[in-house]
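Just below is one structure, and these are the notes that go with it.
The sequence lines fix the lettering, A, B, ..., with proteins before strands; numbering per chain opens at 1. All values reported here derive from a predicted model rather than from experimental measurement.
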Protein chains: 2
Amino acid sequence: MAAKLGILAGGGPLPGYLVEACRAADRPVFVVAFEGQADPDVIGNTPHEWVRLGAAGAALDCLRAQGVEEIVMAGPVRRPTLKELRPDRRAAKFLAKGLLNKGDDGLLGGIVHALELEEGFRVVGANEVLGDLAAPTGPLGQFRPDQDVEADVAHGVRVLQTTGALDIGQAVIVQQGIVLGIEAAEGTHRLLERCRELRREGRGGVLVKLPKPGQETRADMPSIGPDTVTAACAAGLAGIAIGAGATLVFEQAVVVSAADAEELFVIGIRPEDYVEDYDSKS
Amino acid sequence: MAAKLGILAGGGPLPGYLVEACRAADRPVFVVAFEGQADPDVIGNTPHEWVRLGAAGAALDCLRAQGVEEIVMAGPVRRPTLKELRPDRRAAKFLAKGLLNKGDDGLLGGIVHALELEEGFRVVGANEVLGDLAAPTGPLGQFRPDQDVEADVAHGVRVLQTTGALDIGQAVIVQQGIVLGIEAAEGTHRLLERCRELRREGRGGVLVKLPKPGQETRADMPSIGPDTVTAACAAGLAGIAIGAGATLVFEQAVVVSAADAEELFVIGIRPEDYVEDYDSKS
């Protein structure tokens, strides 16, 4: 039997998918659910403990007491302020490195580093647990971008390469060569929502969602799911391009059938097919 | 008496400010108001003619018949689709250059170029007509950024230098080192609105608004006004940093008194004080 997996659970559905994957593989699991971040409905009756985000010490002790050696970080954590955080001693030691104001890449990379080198855990990416959820290369459904939309995909990749180097966003919407919106702190869903009103008439644009160049995907891997397809369709887009092997597709069968029904393409792309050297922080 | 000024009027209040400035200077003026773009209340009873955006020929003939030699482009024009546009022959000739899908800088720069070199008009920037509305260097009111916020201003300038080179947005909101939002097609007001919910507790961020590196400011100069201060205050920001000499401040007295009342800073900055070589498209 595989070793028990510890899930550090932030918001959204990802912790639930990880729990399901472990159950399917008969792998024991224990969830540390962060208060005010994780969704109680997602955690359900899985063995778990609620912990304040600032209580790093309690969280780690709890995982060790459960015999956990391998950890996965799952779901977005709304960035707390120091006041909300009330850090315990281990959290304070970590924060003393000034990571809280570092931007996502710095913060999450720092957490992975501390968990592995200082606390002795092994940190795995959600994609390693959910292997078959990572997007393949090529179209997931029946449709694929036409030549015009391909140009928008390429432009989106260039934009994300540049903004990603500044640690901003993982998603951009491009239509007819124009950048309608870039994601920063608001998340992909709200980006799609506002682009409903911003798009031009005529042929529809594309949502491009990729990890930032050099991103620590073990801490925060981009993902899409059925909701993304629904919102992209409502925004009138022609499709969605995601990083092959580097973006999780939740409920892939539902994603594909919804996309096919709406004549949307969903395609796994390799950024390096569009720009030189995507992964170097230019 | 100064020569008659032709105003190509898009949306927003800028055409009205230009008309006022001409009246104050006893300068005759004629407005070509673009249908579906310009605001009838702003145009009011100023001598004007409504013209379809696609009717470039009619617009230019009308300006010549009015004896106009000097033109100013005023206010944002919602980018039309070819179908909405129904271009006349001169508009079609212009569009044949493929500018409609070029992004703002390409499109607006192309229009200025065509007006001057092909049509023989002189194109001036709104700031030349509204000389005293361009932001000065330094604080406009009583407040100025503290050292922490200065770091956010510097980060905002770096972000805009990078995104501006991609012809995206003129505005960004940074708080405690984190980019809360970048403007693309949605405009500064909606950027500020969404950042109300995205900001972190604790000390407040800054809106940085600058022309893009190398931007043709004769066609589209960034601006702020009393509404910007109100929205920045509602978003909980500490202040607003704008390009000195390169951003228009409408109703400056109202802006300053509103900012002072809310303890917001409004400061004119020189991007080159924060980054090397802001104006080179890196």
Side-chain angles (χ1 to χ4, degrees), chain A residues 78-85 98-107 148 151-152 155-169 171-187 190-191 193-205 281-282, chain B residues 78-85 98-107 148 151-152 155-169 171-187 190-191 193-205 281-282:
Chain A
R78 195 178 42 82
R79 185 179 285 272
T81 61
L82 205 55
K83 190 177 141 200
E84 286 176 301
L85 200 58
L99 288 171
L100 203 59
N101 294 332
K102 272 242 172 181
D104 283 344
D105 282 358
L107 175 64
D148 286 338
D152 286 344
H155 190 50
V157 173
R158 278 193 296 273
V159 169
L160 291 177
Q161 182 181 38
T162 308
T163 56
L166 293 165
D167 194 11
I168 307 169
V172 63
I173 295 178
V174 183
Q175 184 195 19
Q176 298 169 30
I178 315 276
V179 175
L180 297 185
I182 314 182
E183 177 188 320
E186 74 276 21
R190 290 165 102 188
L191 170 69
E193 271 183 344
R194 77 171 175 271
C195 286
R196 287 168 78 152
E197 292 166 49
L198 298 174
R199 73 184 288 278
R200 306 163 68 186
E201 274 182 59
R203 70 182 173 71
K281 297 210 173 194
S282 59
Chain B
R78 196 176 43 82
R79 185 180 286 272
T81 61
L82 206 56
K83 190 176 140 201
E84 287 177 302
L85 201 58
L99 288 171
L100 203 58
N101 293 334
K102 273 240 170 185
D104 284 343
D105 282 357
L107 175 64
D148 287 338
D152 286 344
H155 191 51
V157 172
R158 279 192 297 272
V159 169
L160 290 178
Q161 182 181 37
T162 307
T163 56
L166 294 164
D167 195 11
I168 308 169
V172 63
I173 295 178
V174 184
Q175 184 195 19
Q176 299 171 30
I178 316 278
V179 175
L180 297 185
I182 315 184
E183 177 188 320
E186 74 276 22
R190 289 164 104 187
L191 169 69
E193 271 183 344
R194 79 172 175 269
C195 285
R196 286 168 79 150
E197 292 167 51
L198 298 174
R199 74 184 289 278
R200 307 164 69 188
E201 274 183 59
R203 66 181 176 73
K281 296 210 174 196
S282 59

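- Going from atom CZ of R194(B) over to atom CG of L191(A) covers 8.0 Å, rounded to the nearest 0.5 Å.
- Under the rule for a side chain to side chain donor-acceptor pair (under 3.5 Å), R199(B) has no partner lying at least two apart in sequence or in another chain.
- For chain A, the nearby part of E197(B) is the side chain; its heavy atoms alone come within less than 4.5 Å.
- Of all the heavy atoms in L180(A) and E186(B), the pair that sits closest is O-OE1, 4.0 Å.
- Counting all heavy atoms, side chain and backbone alike, A184(B) lies closest to V179(A) at CB-O, 3.7 Å.
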Let me see the working for T163(B) and T162(A) under side chain to side chain contact (heavy atoms under 4.5 Å, CB included), right down to the final yes or no. CA-CA 8 Å; T163(B) 56; T162(A) 308; over 6 Å; no
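- When all heavy atoms of V159(A) and L166(B) are compared, the closest pair comes out as CA-CD1, 3.9 Å.
- If you measure heavy-atom distances from I182(A) to chain B, the contacts under 4.5 Å come from both the backbone and the side chain.
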